[in-house]
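Structure first, then comments.
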Amino acid sequence: MTRPTPYDGSPALFPSCDGDLAYLDTGPPQAGAATPALVLLHPGWTDHTLWSEVVPLLAARHRVIAPDARGHGASANASRPFRPCDDLAALLRHLGTGPAALIGCSMGADTAVATALEHPDLVRALVLGGGGSGRNMELRTPWAVENAARQQAALAAGDLPGWAEHFAHGAVGPQRQPGDLSPELLDRIRTAGLRTLSKHTPDEPDHHIPVPDLAARAAALTVPVLAVNGALDVPELAAHARHVADSAPWGRTVTLPDAGHFAPMERPAEFVEAVGEFLREAEAEAEAEAEAGRGR
């Protein structure tokens with residue numbers, strides 16, 4: 001399959017079985033089997049633009065694919081039941097990526113784990129942050145419970161800017177104030193959230209079908225897993241990614257200081273460094289195992 005041209009600022013469209021799905025596809029044309037494709041999976045209510053500072057750092061060596069999940073960003077809304085992992089699998093098969101490293105933040109981490117379990121032939125490694133165990137995350141930290149309640153109240157009142165403000169505060173966490181974060185990052189989160197929210201109506205049916213029991217099934221993963229959490233994230237959210245890494249046969253956890261729930265976006269250079277080191281270690285271990293197998 002011919003490699004696509006580098007990303008020119010506009011997402012491409014994949015004609016799925018239920019409308020077009022948007023995705024970014026960029027990186028060096030020479031990237032091949034030795035450098036797996038990296039697939040960036042965004043948090044809920046946002047889109048691929050949240051990865052804008054991470055993409056150029058990763059795309060220097062890797063093919064980087066960053067889709068908008070169904071119902072998010074420039075991707076079509078669902079008109080029938082769907083599983084995000086099946087959407088992603090269809091896109092990766094369409095693009096001919098081969099086994100890829102899936103890198104997910106929050107909702108994107110859930111999709112990454114579900115894809116590794118349901119479509120293992122497409123996944124080479126997982127990098128997760130602030131999620132990975134499914135949508136049934138019970139919030140216990142008082143700050144997180146209160147912020148979620150404010151989002152719901154604003155939405156019920158039809159106050160979309162108010163909803164977006166509290167949604168963006170999810171990046172802040174319980175130990176900081178909004179002024180401690182980059183205004184540009186908070187604005188990007190607000191803008192992406194409103195862009196996605198405006199695609200939907202209050203009476204719209206929820207066609208999303210979750211893959212059940214992700215936390216319990218994490219022990220069945222056969223690929224290396226890296227959890228990259230922000231030290232200032234809500235503890236129960238960071239615990240989900242850490243649980244998956246601890247359950248996997250080859251797992252690591254890295255904590256980025258001075259970062260919250262959107263750690264890759266707050267600390268892109270540190271995040272990319274952690275991902276690069278993890279991929280090198282995982283590839284070296286895979287090669288050692290293959291060499292040992294040939295020697296038997």
Side-chain angles (χ1 to χ4, degrees), residues 1-7 11-17 21-42 48 51 54-70 75 83-105 108-128 132 211 218 220-226 228 244 248-252 264 272 274-294:
M1 176 177 293
T2 303
R3 283 282 287 110
T5 56
Y7 180 54
L13 295 177
F14 163 56
S16 78
C17 63
L21 300 180
Y23 65 96
L24 175 159
D25 188 356
T26 187
Q30 70 272 19
T35 54
L38 307 183
V39 182
L40 306 181
L41 305 171
H42 61 77
H48 77 273
W51 296 104
V54 174
V55 167
L57 299 176
L58 292 174
R61 292 190 62 246
H62 295 266
R63 182 182 186 181
V64 176
I65 298 162
D68 288 350
R70 185 175 299 281
S75 287
R83 301 194 308 176
C85 66
D86 297 334
D87 279 345
L88 180 59
L91 173 63
L92 297 184
R93 291 192 173 104
H94 170 74
L95 296 176
T97 63
L102 308 187
I103 301 174
C105 180
D110 297 343
T111 300
V113 174
T115 305
L117 291 169
E118 298 293 303
H119 303 279
D121 59 306
L122 295 174
V123 182
R124 191 162 171 171
L126 294 175
V127 178
L128 314 172
V211 174
L221 291 169
T222 59
V223 297
V225 178
L226 174 68
V228 183
V244 177
W250 196 92
R252 304 283 189 274
V272 168
V275 169
E277 182 177 349
F278 164 69
L279 292 177
R280 288 189 294 272
E281 289 181 1
E283 291 299 320
E285 183 152 323
E287 289 174 7
E289 290 180 357
E291 185 63 30
R294 286 191 291 268

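Source: prediction; values computed, not measured.
Taking 4.5 Å as the limit, some side-chain heavy atom of L21 sits within range of a side-chain heavy atom of S75. In this structure, the side chains of D25 and R63 come closer than 4.5 Å at one or more pairs of heavy atoms. Looking at D121 and R93, their side chains come closer than 4.5 Å, going by heavy atoms from C-beta outward. Between H42 and W51, some side-chain heavy-atom pair lies under the 4.5 Å cut-off. Counting heavy atoms from C-beta on, the side chains of H62 and L279 come closer than 4.5 Å.
Between V54 and P264 the shortest heavy-atom distance is CG2-O, 3.4 Å. Across every non-hydrogen atom of E283 and P36, the tightest pair is OE2-CG, 4.5 Å. The two atoms that bring L221 and A116 nearest to each other are CD2-CB, 3.7 Å, heavy atoms only. When all heavy atoms are compared, the tightest approach of A125 to F278 is CB-CE2, 4.0 Å. Heavy-atom minimum distance, L13 versus Y23: C-CE2, 3.8 Å. Taking each heavy atom of P28 and A60 in turn, the nearest pair found is CG-O, 4.0 Å.
The structure places CD of E118 at 12.5 Å from CG of L88, a figure rounded to the nearest 0.5 Å. Note that OG1 of T115 is 10.5 Å distant from CG of D110, once rounded to the nearest 0.5 Å. Distance check: I65 CD1 to L58 CG gives 12.5 Å after rounding to the nearest 0.5 Å. A distance of 9.0 Å separates OG1 of T222 from CG of L117, quoted to the nearest 0.5 Å.
The residue from I103, L122, L92 that alone fulfils the side chain to side chain contact (heavy atoms under 4.5 Å, CB included) condition with V39 is L92.
Residues that satisfy the side-chain hydrogen bond (donor to acceptor under 3.5 Å, both in side chains) test with D87, not counting sequence neighbours, are R70. Every residue two or more places apart in sequence or in another chain was checked for a salt bridge (charged side-chain N to carboxylate O under 4.0 Å, His left out) with E277, and none qualifies. Every side-chain contact (heavy atoms from CB on, under 4.5 Å) that A248 has, sequence neighbours left out, goes to V225.
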